[in-house]
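The structure appears right after this line, and notes come after that.
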Amino acid sequence: MAKLTSRKENYSQWYNELVVQANLAETSAVRGCMVIKPYGYAIWEKMQHQLDSMFKATGHVNAYFPLFIPKSFFSKEASHVEGFAKECAVVTHYRLKNDPDGKGVVVDPDAKLEEELIVRPTSETIIWNTYKKWVHSYRDLPILCNQWANVVRWEMRTRLFLRTAEFLWQEGHTAHATAEEAREEAEKMINVYSDFAENFLAIPVIKGVKSANERFAGALDTYTIEALMQDGKALQSGTSHFLGQNFAKAFDVTFTKKDGTTDYVWATSWGVSTRLMGALIMTHSDDNGLVLPPKLAPIQVVIVPIYKTDEQLAAITEKAQAIKKALEAKGITVEYDDDDTQKPGWKFAEYELKGIPVRLAMGARDLENGTVEVARRDTLTKETLPLENIDAYVENLLNEIQKNLFEKAKAFRTEHTYKVDTYEEFKERVKNCDGFILAHWDGTTETEEKIKEETKATVRCIPFDAPDEEGTCIYSGKPSHKRALFAISY
RNA sequence: CGGGGUAUAGUACAGUCCGGUUAGUAUGCUUGGUUUGGGACCAAGAGGUCACAGGUUCGAAUCCUGUUACCCCGACCA
């Protein structure tokens, strides 16, 4: 296996090589679409299971809506179509036939659809068209649905996990009787996302509200969680939208209130995608390969035997199986790798590349002393410990690693977050891609676009926890009451 | 979608400028043996319509035209 390009040498090449070499995903025969390989998919499944249980715990249910959306649905909400029109895949025909020239198959021109179908880039339109049938009374509300699905956005430039033409995600779509309730829902879900990011992915995130310019197409407000990657760029990791009555009005979804009057329904939508895989990789991994937080690792512990004779192997296997059993009893996933085609050194490198949090090695020396070597992936340190209570030790160590990864990422973010008060300093920080920048901004789209044009930095969000602070906009000098979070973003 | 680069064995590359026997090298794979505490060694073997489609030529990986995909830099985005 070739050595990885170092992060320092070329961060983006490091990322690409890591994704492929760690067996997470690879490019496919289809432009912009990836194959998620079993190891990568196992991590995604862990994310799904955890998120799904968090959605259920907050009262949501799963449903499924069609992949195809009639073209006419898109013209019903003006800003929505504007946001997605440029990147839609369109189905125009429903049949192939043999090429009359005998060269394979061609699209049958007689099989043209009356109305083209759009492959969903997101499902608001088809879902609100459906909700119209479901909602008549305040008693039918709220509707709290989520769907796990694939969507297609015809992106010009793609990268594995970070931006692919087809990606997997979940999209929650809720309907409410009042604006307050819908707003609460949108806030609740951004909190679920940040809880998930911090406590499971071990990624510290900044919660906040998007500027008008960065808002979801069709939303009144977009809440976001923003994470900082090791190269100093921000990654938008999840969003939750307060949609107001825009989609209810577009699809004519009204309900009768208790007092007999009617009103349009209030809406939210929220989603996270396989992009979280990219966030996970870029937050924790190092030049040796992937680093996985234990809660997301498909294999949490690997045991490698080191032996010269069959007798030694038999003795080690017996001990290793006992450890495996004890760990599994604690709900820890363990692999015992007694494959004899590779040497231990090869395996060590391999499991580091794959990001296995804890590695146990046992050889003749350990048999004699009743010990085992414990190596942790996050710090790359090893120690030799007695076998006694090793299961409790490892269980503890996994928790410790989970915590350490979060603390490490948080310390990195703290080190790379700068309060900036002049445009000169701002430009300098942005030029070096130093990280998050907290600066005063006058709140206008005009200023935001000027800054973006001149520096490529964007307003990532106005953090929820930004303290009230009088200041002046770094660009326009106009008064500002809060600092906004700026960064170069993915 | 604009600018630049690349496409040859599973992978990474050489060969292309200047056309000419059987297209090489490393690694990986298979078999046998020696090894095994940080990416082992020896021996034998398998593996290629040189991205695709046309064209020039006695002859094309090599020259010409077109297409497609990937990588880097921009604009767009979860």
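Scope of the values below: all heavy atoms of this structure, side chains included, with no hydrogens, waters or symmetry mates.
- In this structure, A/G271 reaches neither bases nor backbone, as no heavy-atom distance under 4.0 Å exists between it and the strands shown.
- Between the side-chain ring of A/F167 and the base of B/A78, a stacking contact exists by the 5.5 Å and 30° definition.
- A distance of about 16 Å separates the C1' atoms of B/U22 and B/G47, rounded to the whole Å.
- To the nearest angstrom, P of B/C76 lies 12 Å from CD of A/E155.
- Using a 4.0 Å heavy-atom criterion, one finds that A/S273 contacts the bases of the nucleic acid, with or without backbone contacts as well.
- Pairing of B/G2, defined by two Watson-Crick or G-U wobble distances under 3.5 Å, is identified with B/C73.
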message: Checking A/D286 against A/R377 for the side-chain contact (heavy atoms from CB on, under 4.5 Å) test, could you report, in this order, the C-alpha distance in whole Å, the side-chain angles of both residues, the deciding distance, and whether it holds?
response: CA-CA 10 Å; A/D286 63 21; A/R377 179 64 183 90; 2.7 Å; yes
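- Rounded to whole angstrom, the span from the OH atom of A/Y193 across to the C1' atom of B/A78 amounts to 11 Å.
- Of the candidate nucleotides B/G37, B/C77, B/G39, B/G37 has the atom nearest to the side chain of A/K343.
- Closest to the side chain of A/R275, from the set B/C70, B/A78, B/G37, is B/A78.
- Across all strands shown, A/R359 has heavy atoms under 4.0 Å from base atoms, whether or not it also approaches the sugar-phosphate.
- In terms of polar N and O atoms assigned as donor or acceptor, the side chain of A/Q342 never comes within less than 3.5 Å of the base of B/G39 in a complementary pairing.
- Backbone-only engagement by A/Q236 is indicated by non-hydrogen atom pairs under 4.0 Å involving sugar-phosphate atoms exclusively.
- Rounded to a whole Å, the CD atom of A/E214 is 10 Å from the C1' atom of B/C77.
- The same atom, C1', is picked in B/G28 and in B/C13; the two are 14 Å apart, to the nearest Å.
- Residue contacts shown for A/K382 include a base, since a base heavy atom lies under 4.0 Å away.
- Distance A/Y307 OH to B/G37 P: 11 Å, rounded to the nearest Å.
- In this structure, A/I306 places its CD1 atom 13 Å from P of B/A40, rounding to the nearest Å.
- Note that the CD1 atom of A/I303 and the CD atom of A/E335 stand 10.0 Å from one another [nearest 0.5 Å].
- With C1' as the reference atom, B/G19 and B/U57 are 9 Å apart, rounded to whole Å.
- The residue A/R31 sits close only to the backbone: its heavy atoms come under 4.0 Å of sugar-phosphate atoms, none of a base.
- For the pair A/R359 and A/F348, the cation-pi criterion (under 6.0 Å, within 45° of the ring axis) is fulfilled.
- Base pairing of B/G39: no nucleotide in any strand meets the Watson-Crick or G-U wobble criterion (both distances under 3.5 Å).
- At least one test fails for A/K207 against the ring of A/F464: distance under 6.0 Å to the centre or angle within 45° of the axis.
- Taking only side-chain nitrogens and oxygens, A/K452 comes nearer than 4.0 Å to OP1 or OP2 of B/C76.
- One atom, CH2 of A/W154, and another, C1' of B/A78, lie 17 Å apart when rounded to the nearest Å.
- The nucleotide B/C52 finds its pairing partner in B/G66, both defining distances of the Watson-Crick or G-U wobble pair being shorter than 3.5 Å.
- For A/E198 (side chain) and A/V205 (main-chain N/O), a donor-acceptor pair under 3.5 Å exists by modelled atom type.
- With both pairing distances under 3.5 Å, B/C29 is matched to B/G45 as a Watson-Crick or G-U wobble pair.
- Under the Watson-Crick and G-U wobble criteria, each requiring two contacts below 3.5 Å, nucleotide B/A78 is left unpaired.
- No cation-pi contact links A/K324 to A/Y336, judged by a cut-off of 6.0 Å to the six-membered ring centre and 45° from its axis.
- Atom P of nucleotide B/A75 and atom CG of A/N213 are separated by 14 Å, given to the nearest angstrom.
- The gap from the P atom of B/A7 to that of B/U35 amounts to 44 Å, rounded to the nearest Å.
- Nucleic acid contact class of A/E352 (heavy atoms, under 4.0 Å, all strands): base.
- In this structure, A/S12 reaches the sugar-phosphate backbone alone: every heavy-atom distance under 4.0 Å involves primed, P, OP1 or OP2 atoms, never a base.
- Using a 4.0 Å heavy-atom distance criterion, A/G32 is classed as a sugar-phosphate-only contact.
- The same atom, C1', is picked in B/A61 and in B/A23; the two are 8 Å apart, to the nearest Å.
- For A/S269 (side chain) and A/H173 (main-chain N/O), no donor-acceptor pair under 3.5 Å exists by modelled atom type.
- A donor-acceptor contact under 3.5 angstrom links the side-chain atoms of A/R163 to the base of B/C77.
- Between A/Y490 and A/N16, it is A/N16 whose nearest contact on RNA chain B lies nearer the 5' terminus.
- For B/G19, there is no paired nucleotide, since no Watson-Crick or G-U wobble pair has both relevant distances below 3.5 Å.
- B/A78 and B/U65 have their C1' atoms separated by 41 Å, given to the nearest Å.
- Look at B/G59: it lacks any Watson-Crick or wobble partner with both distances under 3.5 angstrom.
- A cation-pi geometry, defined here as NZ or CZ lying under 6.0 Å from the six-membered ring centre and within 45° of its normal, does not hold between A/K354 and A/Y351.
- The phosphate of B/C73 has OP1 or OP2 within less than 4.0 Å of a side-chain N or O from A/R157.
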- request: Go through the steps to decide whether A/F247 and A/Y131 satisfy the test ring-ring contact (aromatic ring centres under 6.0 Å, His included), and finish with yes or no.
  value: CA-CA 10 Å; A/F247 285 92; A/Y131 281 0; over 10 Å; no
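- Base contact: A/T164 has a heavy atom under 4.0 Å from a base atom.
- Straight-line distance between the P atoms of B/A51 and B/C17: roughly 15 Å, to the nearest whole Å.
- The interatomic distance linking A/K308 (NZ) with B/A40 (C1') rounds to 13 Å, in whole Å.
- Here, B/A40 and B/C18 have their P atoms 45 Å apart, quoted to the whole Å.
- In terms of position along RNA chain B, the nucleotide closest to A/T27 lies nearer the 5' end than the nucleotide closest to the other residue of the pair A/R215 and A/T27.
- The partner of B/A14 cannot be assigned: no Watson-Crick or G-U wobble pair with both contacts below 3.5 Å exists in any strand.
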